[in-house]
Amino acid sequence: MARALELARRGLNTATPNPRVGCVLVRGAAVVGEGWHERAGAPHAEANALAAASAAARGATAYVSLEPCAHHGRTAPCAEALVAAGIARVVVAMRDPNPLVAGKGTALLEQAGIAVESGLLEEEARELNIGFVSRMTRGRPWVRMKIAASLDGKTALNNGRSRWITGAAARRDGHGWRARACAVLTGIGTVRDDDPQLTVREVETPRQPLRVVVDSRLETPLSAKVLEGGALIAAAAGDAGKIDLLRGKGVEVLVLPNPAGKVELGALMQELARRGVNEVHVEAGYKLNGSLLREGLVDELVVYLAPHLIGDAARGMFDLPELTELSARRELRIRDLRMVGADIRIIARVV
């Protein structure tokens with residue numbers, strides 16, 4: 001199963017919107033076939049492993065990191081393929097949270113007389129597909145927020161300048177997180193201050209994530225780099241003329257106002273999930289960071305702390321209201337802490 005999960009990770013940046021899945025076929029002590037799901041529309045992990053094993057699949061045990069599908073989508077059901085190949089036993093890491101599948105793949109296998117076991121390395125499998133699980137069970141993507149800050153928690157000077165707080169190794173590591181995401185989200189403030197591209201450049205990837213800009217008043221310049229090649233802008237008010245100009249550049253505009261005249265961020269996340277977005281990577285300023293955190297939409301933080309001090313006048317990580325009691329603080333759970341170049345990287349989950 002560990003090998004199946006290793007194979008599944010090969011689809012880390014490409015399988016979206018499908019889950020990352022690996023499969024290993026074993027007879028006795030010999031591996032007779034392996035496979036993983038590379039991209040939507042391509043054969044699933046089980047199909048690739050069966051093709052590699054050919055006739056040797058009969059009587060084998062299949063180790064699969066996710067419950068085999070039992071419905072007809074872009075490809076035929078994997079559970080049926082395992083039955084037809086004569087697989088004798090199937091070991092599954094985790095049940096598929098997709099309502100179209102959940103339990104049905106296992107039931108189909110058992111009805112065919114195949115022994116099925118589940119739960120082996122389940123936590124590792126869930127972590128690998130945490131965005132897919134979120135979309136299927138919560139109706140919204142997993143939101144991961146990347147922040148680069150000085151050791152005193154400052155993300156930019158008061159004039160908005162922030163390049164570069166962290167070193168090259170941390171920036172390259174950040175691009176790795178971008179590459180695995182389905183969408184990269186920022187705000188109009190960051191577009192104005194930095195004019196970022198928000199593309200994956202520091203690591204190899206065959207796919208660029210969707211770029212999303214939260215821009216309540218449609219102030220994004222038509223010349224903004226983030227719009228090159230197409231993007232999605234979430235606005236609170238619709239200026240028909242500006243929308244037409246943006247559409248002419250291949251940009252889609254969603255108008256999602258909340259009662260305060262800002263973008264309804266929860267509705268935006270639901271819409272992204274509807275479009276098959278599993279993981280959202282946020283690279284924004286302290287105002288949008290604070291709004292997302294206040295609305296309970298941030299699941300994970302990836303924070304790079306550089307060995308510098310900038311001072312109190314600079315901008316912080318989050319625009320949050322003042323607390324009068326420590327009991328009101330937001331709790332985090334540290335999951336990983338390591339050096340990346342000269343910088344410290346902290347991965348934390350919002351409790």
Side-chain angles (χ1 to χ4, degrees), residues 143-175 177-178 184-198 212-217 219-221 224-226 258 260-263 265 280-351:
V143 177
R144 182 179 293 113
M145 181 175 287
K146 175 253 182 179
I147 299 173
S150 61
L151 198 58
D152 53 348
K154 303 302 180 180
T155 59
L157 301 179
N158 201 34
N159 60 15
R161 293 178 183 172
S162 62
R163 294 183 176 176
W164 298 103
I165 287 179
T166 53
R171 295 197 295 274
R172 186 165 51 251
D173 190 70
H175 276 244
W177 291 101
R178 278 187 193 178
V184 177
L185 183 144
T186 194
I188 180 59
T190 299
V191 172
R192 275 197 303 253
D193 292 339
D194 295 340
D195 193 21
Q197 298 178 62
L198 293 184
V212 182
V213 180
V214 176
D215 178 7
S216 296
R217 296 190 291 270
E219 297 172 316
T220 302
K225 292 177 183 176
V226 74
N258 68 12
K262 302 289 187 180
V263 173
L265 296 172
V280 172
H281 177 88
V282 178
E283 291 194 29
Y286 72 112
K287 290 185 178 179
L288 181 54
N289 285 354
S291 296
L292 288 165
L293 193 62
R294 284 196 307 272
E295 295 193 27
L297 297 173
V298 180
D299 298 301
E300 187 170 51
L301 300 175
V302 178
V303 181
Y304 301 90
L305 293 178
H308 313 298
L309 301 174
I310 297 180
D312 283 347
R315 299 178 183 178
M317 298 184 188
F318 303 97
D319 180 16
L320 295 172
E322 180 183 358
L323 301 182
T324 57
E325 297 289 342
L326 278 175
S327 59
R329 63 193 173 193
R330 287 171 169 81
E331 297 289 340
L332 304 175
R333 184 172 68 253
I334 305 295
R335 292 183 58 86
D336 187 73
L337 177 71
R338 68 182 65 192
M339 298 297 298
V340 178
D343 304 311
I344 299 170
R345 190 190 74 183
I346 301 169
I347 299 178
R349 296 269 169 90
V350 179
V351 176

Could you tell me whether Arg333 and Glu331 make a salt bridge, using a distance below 4.0 angstrom between a side-chain N and a carboxylate O?
no

Applying side-chain contact (heavy atoms from CB on, under 4.5 Å), run through Val282 and Val298 and close with a yes or a no.
CA-CA 9 Å; Val282 178; Val298 180; over 6 Å; no

Spell out, as yes or no, whether a donor-acceptor pair under 3.5 Å connects the side chain of Arg171 to the backbone of Thr166.
yes

N/O donor-acceptor pairs under 3.5 Å from side chains in residues 318-328, not counting sequence neighbours:
none

Hey, does the side chain of Asp152 reach the backbone of Gly311 with a donor-acceptor pair shorter than 3.5 angstrom?
yes

State, to 0.1 Å, how close Gly167 and Asp343 come at their nearest heavy-atom pair, and which atoms those are.
N-OD2, 2.8 Å

Return the CG to CD1 distance between Leu337 and Ile347, rounded to the nearest 0.5 Å.
9.5 Å

For the residue pair Ala284 and Gly187, what are the closest heavy atoms and their distance?
CB-N, 4.1 Å

Pair Arg338 + Asp173, salt bridge at N-O below 4.0 Å:
no

Minimum heavy-atom separation for Ser291 to Leu265, with atom names?
CB-CD1, 3.9 Å

Find out whether Leu293 and Val350 are in side-chain contact, i.e. whether some heavy atom of one side chain is under 4.5 Å from a heavy atom of the other.
yes

Whether over 12 other heavy atoms sit under 6.0 Å from Asn159 CG:
yes

The reported gap from CD1 in Ile147 to CG in Leu305 (rounded to nearest 0.5 angstrom) is 9.5 Å

Please check if any side-chain donor atom of Asp215 sits under 3.5 Å from a side-chain acceptor atom of Thr220, or the reverse.
yes

In the structure I gave you, are the side-chain heavy atoms of Arg315 and Tyr286 within less than 4.5 Å of one another anywhere?
yes

Restricting to non-hydrogen atoms, name the atom on Ile165 and the atom on Ala148 that form the minimum distance, rounded to 0.1 Å.
CD1-O, 4.1 Å

Donor-acceptor pair, Thr155 side chain versus Ala149 backbone, under 3.5 Å?
no

Which value, rounded to the nearest 0.5 Å, describes the distance between Ile188 atom CD1 and Lys287 atom NZ?
12.0 Å

Quick one: pull up NZ in Lys146 and CD in Glu300 and give me the separation to the nearest 0.5 Å.
14.5 Å

What's the separation between atom CG in Asp193 and atom CG in Leu157, rounded to the nearest 0.5 Å?
10.5 Å

Say you draw a straight line from NZ of Lys262 to CZ of Arg217; how long is it, rounded to the nearest 0.5 Å?
5.5 Å

Using a 4.5 Å cut-off on heavy atoms from C-beta on, say whether the side chain of Val303 contacts that of Met317.
yes

Between Ala342 and Pro307 the two heavy atoms that sit nearest each other are O-CD, 3.5 Å

Tell me if a side-chain donor or acceptor on Asp194 pairs with a main-chain N or O of Pro196 at a distance below 3.5 Å.
no

Are the side chain of Asp299 and the backbone of Val143 linked by a donor-acceptor contact shorter than 3.5 Å?
yes

Taking all non-hydrogen atoms of both residues, which atom of Ser216 and which atom of Val263 are closest, and how far apart?
OG-N, 3.5 Å

Given the rule in the side-chain contact (heavy atoms from CB on, under 4.5 Å) test, do Ile346 and Asp336 qualify, once you have shown the distances and angles that lead to the verdict?
CA-CA 6 Å; Ile346 301 169; Asp336 187 73; over 6 Å; no

